[in-house]
Enquirer: 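A single structure is presented below for examination.
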Protein chains: 2
Amino acid sequence: MWGCVMAEAGKEAKAGSGPRQSQADRRARSRGALLEAAARGLSKYGYANLALAQVASEAGYTRGALYHLFANKEELALAVVRWVEETWQAEVGQLGADETEPVEALLAIARRHAVFCRQEVARVMLVLRVEFAEREDHPVGRALTEAVGRVTVECADLIAAGRASGSIPAGPPPTETAQAYLATLEALGIELAGRAPFDVELTERATRGVLGLPPATATATGAATATEESAVAAVGDLLQP
Amino acid sequence: MWGCVMAEAGKEAKAGSGPRQSQADRRARSRGALLEAAARGLSKYGYANLALAQVASEAGYTRGALYHLFANKEELALAVVRWVEETWQAEVGQLGADETEPVEALLAIARRHAVFCRQEVARVMLVLRVEFAEREDHPVGRALTEAVGRVTVECADLIAAGRASGSIPAGPPPTETAQAYLATLEALGIELAGRAPFDVELTERATRGVLGLPPATATATGAATATEESAVAAVGDLLQP
DNA sequence: AAGGTAACATACAGGCATGTATGTATGTGG
DNA sequence: CCACATACATACATGCCTGTATGTTACCTT
């Protein structure tokens, strides 16, 4: 939902479409441009190193606009976190409910996540999580741990269901396995971002390993990724660097 | 070599052993205590959020001592990076040369790395790498990319050798596979730190997956980890939190 | 034991970024 | 068309942290 707003919110959108525009439009455009610039800045420099003057500048504004749209630096970061979380949930996490088989859901999430990470904004969550992992006193840290906690529970449930149905072999407790699954996803997504098509391939390999599944046969892998690739191609177009 | 110095360099070491101590001893102790405090601080707060006053305070000194032992904040961080890298190489990476079989070397490295990560200082590399990944203009960023690059080459060579000998199945290029292998190690080490024994178990699972190996049989895993555990137990004692 | 030097502690100066207060232009409603 | 609110820009105040300069204590040499 936010994606479309963000996608068209660029530098030229400010003075481009016409001299007459409603206040709500101006506000939405400005907010979107600033959010996107903040997301890029956060993924590049992290929270502490992020200078709000540069964020506003890259969005085509000054700090005045930023402090008019967001209460402070913290609120800006929280808004970015919420936006990325919603986008991820809509583009990737949703598959957890769609697929009927838990194993297929977990593998589909893994593949889509790898594609999702081809956008540079995917780094935001990792960067902030690393920066605030040991600092849960900070509101941003709390928001992140809560967000990750929700996803972890979903994946743990999928793992437990898969084990109950026999499609996933036994192993460490579901929570720890889910944490390992998500950590692997995150790390590989970042590390191999843009190195298509190996990002998807290696992500699936690692995922299968964590879940205790044997390596996929060449034909099965090819078919699965091929069908996923086409369905997933549009994800990368939401935010083109 | 540095490890022993660091291990005995605590707050009480300053005034404990006796009023008479050589200048070199004082310098080494102070440097060690400051390095350890800096490593803890970096892993908790990152580089930008690290206040040198707090580092010095936690080590039992003031900023004056710190600036006497290290030229500036940057040099301090670089010293921490070098120290962690040397420690890792001695305790974990060395296995790459010891083991004769490439596969066994890679799996041994993975297991030992999981144990290595039970120390909180292991987070330092990840934290700094995330903070400086997109900023190679910074000397700390360069030092990190160089350090990671060296390890990546070693692992890529091991993977290539294993594939040549047939013990590792074919897959993505050795460099990308090595990157995925190391990223997985790093992420799981951090995420599962302290969750023994699942950290080792899940790390080995993910590693086998990345390399394209089938899941280890229960007996093989137990035996391997059992022998490793005993040989590796001492590693965690180098720096007890 | 006394001068000298190294190991620190304390005090001072400067920069950079956040947050706020004020000013200006553009849309909005009667 | 005019009062008003909203969207922004500019200017100011504040705080924290780095880096340096100076002072004090402990050790080393002869």
Enquirer: Between C/dT26, D/dT18, C/dC8, which nucleotide gets closest to the side-chain atoms of B/L69?
Expert: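 The closest nucleotide is C/dC8.
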Enquirer: Choosing from D/dA11, D/dA7, D/dT18, which nucleotide comes nearest the side chain of A/R63?
Expert: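 For the A/R63 side chain, the nearest candidate turns out to be D/dA11.
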Enquirer: The side chain of B/R27 lies closest to which of these nucleotides: C/dA7, D/dA7, C/dC8?
Expert: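 The answer is C/dA7, which lies nearest to the side chain.
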Enquirer: Before accepting this row, confirm whether a basic side-chain N of the pair A/E91/A/R112 lies closer than 4.0 Å to the acidic partner's carboxylate O.
Expert: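 Salt bridge: no.
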Enquirer: Check every atom of D/dT18, C/dC8, D/dA9 against the side chain of A/T62 and return the nucleotide holding the closest atom.
Expert: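 Shortest atom-to-atom distance from the side chain points to D/dA9.
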Enquirer: Can you tell me how far the CZ atom of B/R142 sits from the CD atom of B/E136, to the nearest 0.5 Å?
Expert: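 Taking CZ in B/R142 and CD in B/E136, the distance rounds to 8.0 Å.
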Enquirer: Between C1' on D/dA7 and CZ on A/F70, what's the gap in Å once rounded to a whole number?
Expert: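 My rounded result for the distance is 14 Å.
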Enquirer: When we call it a touch if two heavy atoms are under 4.0 Å apart, what does B/L50 touch: a base, just sugar-phosphate, or nothing?
Expert: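 Sugar-phosphate contact only.
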Enquirer: Quick test of your reading of the model: are B/E186 and B/R129 salt-bridged, counting only N-O distances below 4.0 Å?
Expert: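 Salt bridge present between B/E186 and B/R129.
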Enquirer: Send over the distance from B/L34 CG to C/dA7 P, rounded to a whole Å.
Expert: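 Atom CG in B/L34 sits about 13 Å away from atom P in C/dA7.
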Enquirer: D/dC8, C/dT10, D/dC28: which one has an atom nearest the side-chain heavy atoms of A/Y61?
Expert: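 Nearest to the side chain of A/Y61 among the choices is D/dC8.
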Enquirer: 5'-most contact on DNA chain D: B/N72 or A/G64, nearest heavy atom basis?
Expert: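 Comparing both residues, the 5'-ward one is A/G64.
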Enquirer: Drop me the distance from A/S30's OG to A/L35's CG, to the nearest 0.5 angstrom.
Expert: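 Taking OG in A/S30 and CG in A/L35, the distance rounds to 11.0 Å.
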Enquirer: Check the distance between D/dT6's C1' and A/R26's CZ and give it to me in whole angstrom.
Expert: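 The answer, rounded to whole Å, is 8 Å.
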Enquirer: Between A/S30 and D/dC8, does any side-chain N or O lie under 4.0 Å from OP1 or OP2?
Expert: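 For D/dC8, OP1/OP2 do have a side-chain N/O of A/S30 under 4.0 Å.
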Enquirer: Would you mind reading off the distance between A/L52 atom CG and C/dT18 atom C1', rounded to a whole angstrom?
Expert: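 A/L52 atom CG is separated from C/dT18 atom C1' by 7 Å.
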Enquirer: Compare side-chain N and O positions of B/H68 against OP1 and OP2 of C/dA7 and report whether any pair is under 4.0 Å apart.
Expert: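 Answer is yes, contact under 4.0 Å.
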Enquirer: Which nucleotide sits closest to the side chain of B/Q23: D/dC28, C/dG19, C/dT28?
Expert: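 Of all the options, the side chain of B/Q23 is nearest to D/dC28.
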